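Just so we're clear, the structure is a prediction, and the values are computed from it rather than from any experiment. Read the numbers this way: they start at 1 and go in the same order the structure lists the ligands and their atoms.
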Amino acid sequence: MNLFKLFQSFAFRQDPEKIHDLSLKMFKYFPQLSSCFNTPKLSDKYHYHDGHMQWDFPVGLAAGFDKNAMALDFFARLGFGAVEIGTVTKKPQDGNAKPRIWRHEEIASLTNAMGFPNLGHQIIRQNILNTSHSTCLGVNIGKNKETQISETPSEYAYLYEYFAHCADYITINISSPNTPGLRSLQNKDALKEILVAVSEKRKDFAKPLYLKIAPDLEKEALYDLVDLSKEFQLSGIIATNTTIQHSFGSGGASGQYLKELSNKARTHICQAAKETPSLSIIGVGGIDSFADIHHFWKMGGSFVQIYTAFIYQGPQLLTDIQNEIDKLLLQSGTQNITEYLKSLK
Ligand SMILES: Cc1cc2nc3c(=O)[nH]c(=O)nc-3n(C[C@H](O)[C@H](O)[C@H](O)COP(=O)(O)O)c2cc1C
């Protein structure tokens, strides 16, 4: 039995959030623990630039895993090409009542109703500045629960400006299901107001900017989001967050359960963005193998992120993906990921 499986057999008998928090603390103080796992050996051939930013490996850690930027060094050492921290809100907040994460082991899925518990923007920026990290860093920003919708645009603009100087990219999160009213910000007019406010700040300091969207939107709404992203010259779209279409109880579902729905949304988004190569599509939601990544690349996607598959498969997933990439490069006669992805266009 490998070390991860041993750890998992213990961890899966604990409360999901308690063991998550405990593990993060351990990874914070002992980032060298990464060397206990079989991690990818990275080289230039795995680097990819989506036109806005470079990742050293095409797989990143999705938002919500390391909300407070506790263990960036550990995740970089594991081989993640990027870590997206957050969601960060302006004021610290506790989030919803516990328990608020549930495992569904038979289908390698989770549901969560966290509601953005986080230490708030000031402490989190300090955590970033205090931690050494060598990987691309994304900061995912959201609104506080009690923030009125009318104050939301200025709050996003404030957070953009605050983190633009210490992040490699910023993600506007308007798609988590556990903050009342948040997903209504995906509505064209509401989102436009946010993008107007953030764009003003972006004129002074431009950072790659992505929009994270829900998998539950209809095709027309997804096309509208692509139009808005083009209009405001966003770097791309991160598709998708968790789904509310399930019968597990409250919260949003992720992992295998989400795969089909998320993939459907990504297909529409890639189709709508086809003629706009400057708009990069980052895939997340149910991605749990290289086959999923390859499928996404063939649709025109770029980087991917994982959360739930990492809980179920651990660091070995990154090494498995690396091995499959090696095979693909050999079979296709291409030298690196950049060349391979170009060959698909
Ligand atoms: C416990 C948990 C907490 C999450 N918290 C956030 C968050 O704070 N912000 C966010 O944008 N997404 C959050 N997500 C969503 C993930 O980033 C990701 O979009 C989603 O889980 C789908 O990917 P997956 O199927 O690989 O897990 C969270 C997911 C889980 C399971």
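- The distance from ligand 1 to the heavy atoms of L258 drops below 4.0 Å at these ligand atoms: 22 (C), 25 (O).
- In terms of protein heavy-atom proximity, atom 19 (O) of ligand 1 is closest to K212 NZ, 2.9 Å.
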Indicate every side-chain donor-acceptor pair of residues 31-38 with a distance under 3.5 Å to a residue at least two apart or in another chain.
| unit_1 | atom_1 | unit_2 | atom_2 | d |
| --- | --- | --- | --- | --- |
| S34 | OG | P31 | O | 3.2 |
| S35 | OG | Q32 | O | 2.7 |
| N38 | ND2 | Q316 | OE1 | 3.4 |

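- Counting heavy atoms from C-beta outward, F232 and R202 have side chains that stay 4.5 Å or more apart.
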>> Run F57 and Y48 through ring pair (Phe, Tyr, Trp, His ring centres under 6.0 Å) and show every step you take.
In response: CA-CA 7 Å; F57 193 63; Y48 184 65; over 10 Å; no
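- Test F12, F310, F65, F27 against H20 for ring pair (Phe, Tyr, Trp, His ring centres under 6.0 Å) and you get one pass: F65.
- Remark: ligand 1 atoms within the under-4.0 Å shell around heavy atoms of T242 are 20 (C), 21 (O).
- Atoms of ligand 1 found under 4.0 Å from any heavy atom of L110, numbered from 1 in the order shown, are 31 (C).
- The shortest separation from a heavy atom of N241 to ligand 1 is under 4.0 Å, placing the residue in contact.
- Polar contact with ligand 1: absent for V284 (N/O pair, distance under 3.5 Å).
- Every atom of ligand 1 with a heavy atom of G86 under 4.0 Å away is listed here by number and element: 8 (O).
- Each of T89, L182, I194, N173 was evaluated against K143; a single residue qualifies, L182, per the side chain to side chain contact (heavy atoms under 4.5 Å, CB included) test.
- With respect to E324 and K327, a salt bridge is recorded, a charged nitrogen being found less than 4.0 Å from a carboxylate O.
- Not a single heavy atom of T111 sits under 4.0 Å from any atom of ligand 1.
- Checked by distance only, ligand 1 and N112 stay at 3.5 Å or farther apart across all their nitrogen or oxygen atoms.
- Residue A63 has at least one N or O atom closer than 3.5 Å to an N or O atom of ligand 1.
- Open room surrounds CD on Q233; 12 or fewer heavy atoms of other groups in view lie less than 6.0 Å from it.
- By the 3.5 Å distance cut-off applied to N or O atoms, M114 is not counted among the residues near ligand 1.
- At least one N/O-N/O distance between T240 and ligand 1 falls below 3.5 Å.
- For atom 4 (C) of ligand 1, the nearest protein heavy atom (residue, atom name, distance) is G64 CA, 3.8 Å.
- Nearest protein heavy-atom neighbour of atom 7 (C) of ligand 1: T87 OG1, 3.5 Å.
- Among residues at least two apart or in separate chains, salt bridge (Lys or Arg N to Asp or Glu O under 4.0 Å) pairs with a member in residues 55-83 are D73-R77.
- A distance below 6.0 Å separates the ring centres of F303 and W55.
- For atom 21 (O) of ligand 1, the nearest non-hydrogen atom of the protein is S254 CB, 3.3 Å.
- From the protein, the heavy atom lying nearest to atom 1 (C) of ligand 1 is Y307 OH, 3.2 Å.
- A cation-pi arrangement is present between K90 and Y158, with the terminal nitrogen or guanidinium carbon under 6.0 Å from the aromatic centre and inside a 45° cone about the axis.
- Taking the charged nitrogens against the carboxylate oxygens, K192 and E231 do have a contact shorter than 4.0 Å, which makes a salt bridge.
- At a heavy-atom distance under 4.0 Å, only side-chain atoms of K67, from C-beta outward, approach ligand 1.
- Close contacts of ligand 1 with T308, meaning ligand atoms under 4.0 Å from a residue heavy atom, involve 24 (P), 25 (O), 26 (O), 27 (O).
- For ligand 1, the atoms sitting less than 4.0 Å from at least one non-hydrogen atom of N140 are 10 (C), 11 (O), numbered in the order shown with element in parentheses.
- Aromatic ring centres of F205 and H165: separated by under 6.0 Å.
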